[in-house]
Structures are given as C-alpha cells and as structure tokens.
Amino acid sequence: GFLDLAMKDYSDEIKFNPDNDEGYLFRGLLNYEQENYVAALSDFEKLIERTPDLENKNLSIVLKVVTKNLIFFEEYINNESFTDIDSLSSYEEKKLKINIQKNIDEISEVIKISKHEFMYFLRGLYYHAASWIPKNNLLALDDLNKAIELDNENEDYLIKRGEIKLELNKNESAMEDFNKAIKINPDSVKAYSNRGQLKKNLKDFKGYLEDQSKKNKLRSIELDSLLD
C-alpha cells in the first residue's frame, strides 16, 4: 500500500544519497508508526550520529529514547518481569534493575530537552515498576501528574495514575481518575476493571458487579472482533 511505497522511496533516497538526513528521519518515523521499533531505532541512531542540526539532533534523541523504551517495555512486560520480579534469578534481577535505572536516567536527560507528556508517562511507569526505589510510587505519581497536566484527555495516563493512587490508598482520587477515563473512552476494559476492584474494596458490591459485567461484555466484543 501507500506506506510500503513511501518506505521504498525513503530507502531509495538513502541508497542514492547517504547524506539525506530527512530520509533517515522519515523512514524512522514510518517504521515507528508500523511498530517496527528496532528498524526505527536504527534510523534515529544514524541520524543522531550524522546531523549537525541541533533541532534535528534533539528530535532524534527524543525519538530514539521513546523507541528504545518501547522495545524494552514490550520485551519485559510480555515476560511479566515487572510484575513477577521475585521469580528472576539474582543475575536477571540485578540486570533488570540496572537497565531500569539507566532508562530512568536517560529519560530524565531527555526531559531537559523536551518536556513532553509521554516522557513523564514513561518515567512514571518505570518508577511504578521499581519497587526497590525509595518512595517509588510517590515519584511515579508526580510524573503522572505532570503528564496529565500536559494532556488531561489521555485515558492511559488517567488509568495508570488511578492504579498508583489505589496503591497509596487515595481511593476517592483514584475513583475520579477511573471515572474520567471511562468518560473519555466508555469502552475501556481496563478502566472498568480497575474501578470495579476499587468499588469492591469499598464494599460497593452492586457497583462492583455492574463494572464486572460491563468489563466482561467489552472483553467479549474484543474477542469476537479478533475472531472475525
């Protein structure tokens, strides 16, 4: 389709003119859009090495860090390492902790270049996962607050902040976040699941069952659409 033709055009441009910085940038962005994160990362790294233009270099650094961390999240979340760190060997656990701290430090440097909401969200996810860091949930909450200040219509940010508030026993405030996420996206399985659990904790069993029912209906619709 159109994206394949565009990808071929940019690749041809780079082949015939290896000094074409825009070719690397736009091919990287296309790869990123198609979730070819490893290929995108390669293009962004080449652009960082090549370009003398500070604005393009800074943009490439931001894109590189976002892409690199999406690869990292995909690998570890799929392996449930964040939620089941106790099952790792001492070597794997040490390696994971070092990598997470390196990623936090790298994102902190990028935030100095670009105070983008997604960078705060990413760092907040790491802090939330890093239970060994003192006051990690408070650090995560601070980053999610900053992300939502910049984009208060993002359901993922609101749900994650609500989850952190739940762990901090900020139930009323967590409920507000889940309610707003559902208002933004009435088909959010995760928002209904979290809100239902909170209602159960608050002994609102009728509300819990209603949210569970809604969650199950939405999940069934998702499964049917995958089977079609």
Side-chain angles (χ1 to χ4, degrees), residues 19-79 81-83 85 88 91-154 156-161 163-164 167-168:
D19 295 327
N20 187 336
D21 291 347
E22 284 192 354
Y24 288 110
L25 175 60
F26 288 116
R27 188 176 69 177
L29 288 169
L30 274 177
N31 275 314
Y32 179 88
E33 284 293 318
Q34 294 179 298
E35 299 184 7
N36 298 324
Y37 296 131
V38 174
L41 184 59
S42 175
D43 279 337
F44 298 145
E45 286 178 335
K46 284 173 187 168
L47 189 56
I48 290 166
E49 291 170 8
R50 298 180 38 75
T51 182
D53 184 291
L54 184 61
E55 188 175 339
N56 272 347
K57 190 181 285 288
N58 286 343
L59 173 61
S60 301
I61 289 169
V62 172
L63 291 169
K64 171 194 165 184
V65 170
V66 169
T67 308
K68 176 183 165 187
N69 282 281
L70 286 172
I71 294 169
F72 184 83
F73 264 74
E74 202 170 69
E75 178 184 351
Y76 282 98
I77 287 175
N78 286 346
N79 290 333
S81 297
F82 277 179
T83 55
I85 196 168
L88 299 175
Y91 170 76
E92 289 172 325
E93 181 180 339
K94 184 179 179 181
K95 183 180 175 185
L96 178 63
K97 287 180 178 179
I98 289 170
N99 282 331
I100 287 176
Q101 188 59 58
K102 279 172 63 178
N103 290 340
I104 287 173
D105 293 342
E106 192 171 38
I107 291 168
S108 297
E109 287 301 309
V110 168
I111 285 172
K112 293 176 184 177
I113 298 171
S114 171
K115 290 178 170 55
H116 192 278
E117 62 269 16
F118 188 68
M119 303 311 295
Y120 286 113
F121 175 63
L122 260 184
R123 191 171 66 178
L125 290 179
Y126 279 124
Y127 278 133
H128 184 224
S131 56
W132 58 90
I133 295 177
K135 299 183 179 178
N136 70 303
N137 272 344
L138 291 176
L139 291 168
L141 182 59
D142 184 53
D143 273 344
L144 266 294
N145 285 339
K146 287 171 182 168
I148 291 166
E149 281 173 19
L150 294 165
D151 180 5
N152 63 6
E153 293 296 314
N154 189 303
D156 292 327
Y157 298 174
L158 288 161
I159 292 169
K160 177 52 68 176
R161 187 172 71 172
E163 290 173 352
I164 295 165
E167 293 179 21
L168 292 168

Heavy-atom distance under 4.5 Å between the side chains of Leu168 and Leu138, does that happen here?
yes

Kindly indicate whether the side chain of Lys64, heavy atoms from C-beta on, has any atom under 4.5 Å from the side chain of Val110.
no

Compare all side-chain heavy atoms of Arg161 with those of Ile148 and state whether any distance is below 4.5 angstrom.
yes

Taking atom types as modelled, find out whether Gln101 and Asp105 have a side-chain donor-acceptor pair closer than 3.5 angstrom.
yes

Test side chain to side chain contact (heavy atoms under 4.5 Å, CB included) applied to Asn154 and Glu117, step by step
CA-CA 10 Å; Asn154 189 303; Glu117 62 269 16; over 6 Å; no

Would you say that Asn103 contacts Glu106 through its side chain, given a criterion of any heavy-atom pair below 4.5 Å between the two side chains?
yes

Output the distance between atom OH (Tyr126) and atom CG (Asn136), rounded to the nearest 0.5 Å.
15.0 Å

Minimum heavy-atom distance between Ile107 and Met119, given as atom pair plus value:
CG2-O, 3.5 Å

With the threshold set at 4.0 Å, does a side-chain nitrogen-carboxylate oxygen contact exist between Lys160 and Asp156?
no

Minimal non-hydrogen separation, Leu144 against Tyr157, with atom names:
CD1-O, 3.4 Å

Which atom pair, heavy atoms only, marks the closest approach of Ala40 to Thr67?
CB-CG2, 4.1 Å

Closest approach of Asn137 to Ile164 (non-hydrogen atoms, all atoms of both residues)
O-CG2, 3.5 Å

Working note: Ile133 + Ile100, criterion side chain to side chain contact (heavy atoms under 4.5 Å, CB included); need CA distance, chi angles, decisive distance, verdict.
CA-CA 11 Å; Ile133 295 177; Ile100 287 176; 5.5 Å; no

Closest non-hydrogen atom pair, Asn152 against Leu158:
O-CD1, 4.1 Å

Hey, are His128 and Glu167 close enough side-chain-wise for a donor-acceptor pair under 3.5 Å?
yes

Hey, what do you get for CG (Leu122) to CD1 (Ile104), rounding to the nearest 0.5 Å?
10.5 Å

Do the charged groups of Lys112 and Glu109 touch, with an N to O distance under 4.0 Å?
yes

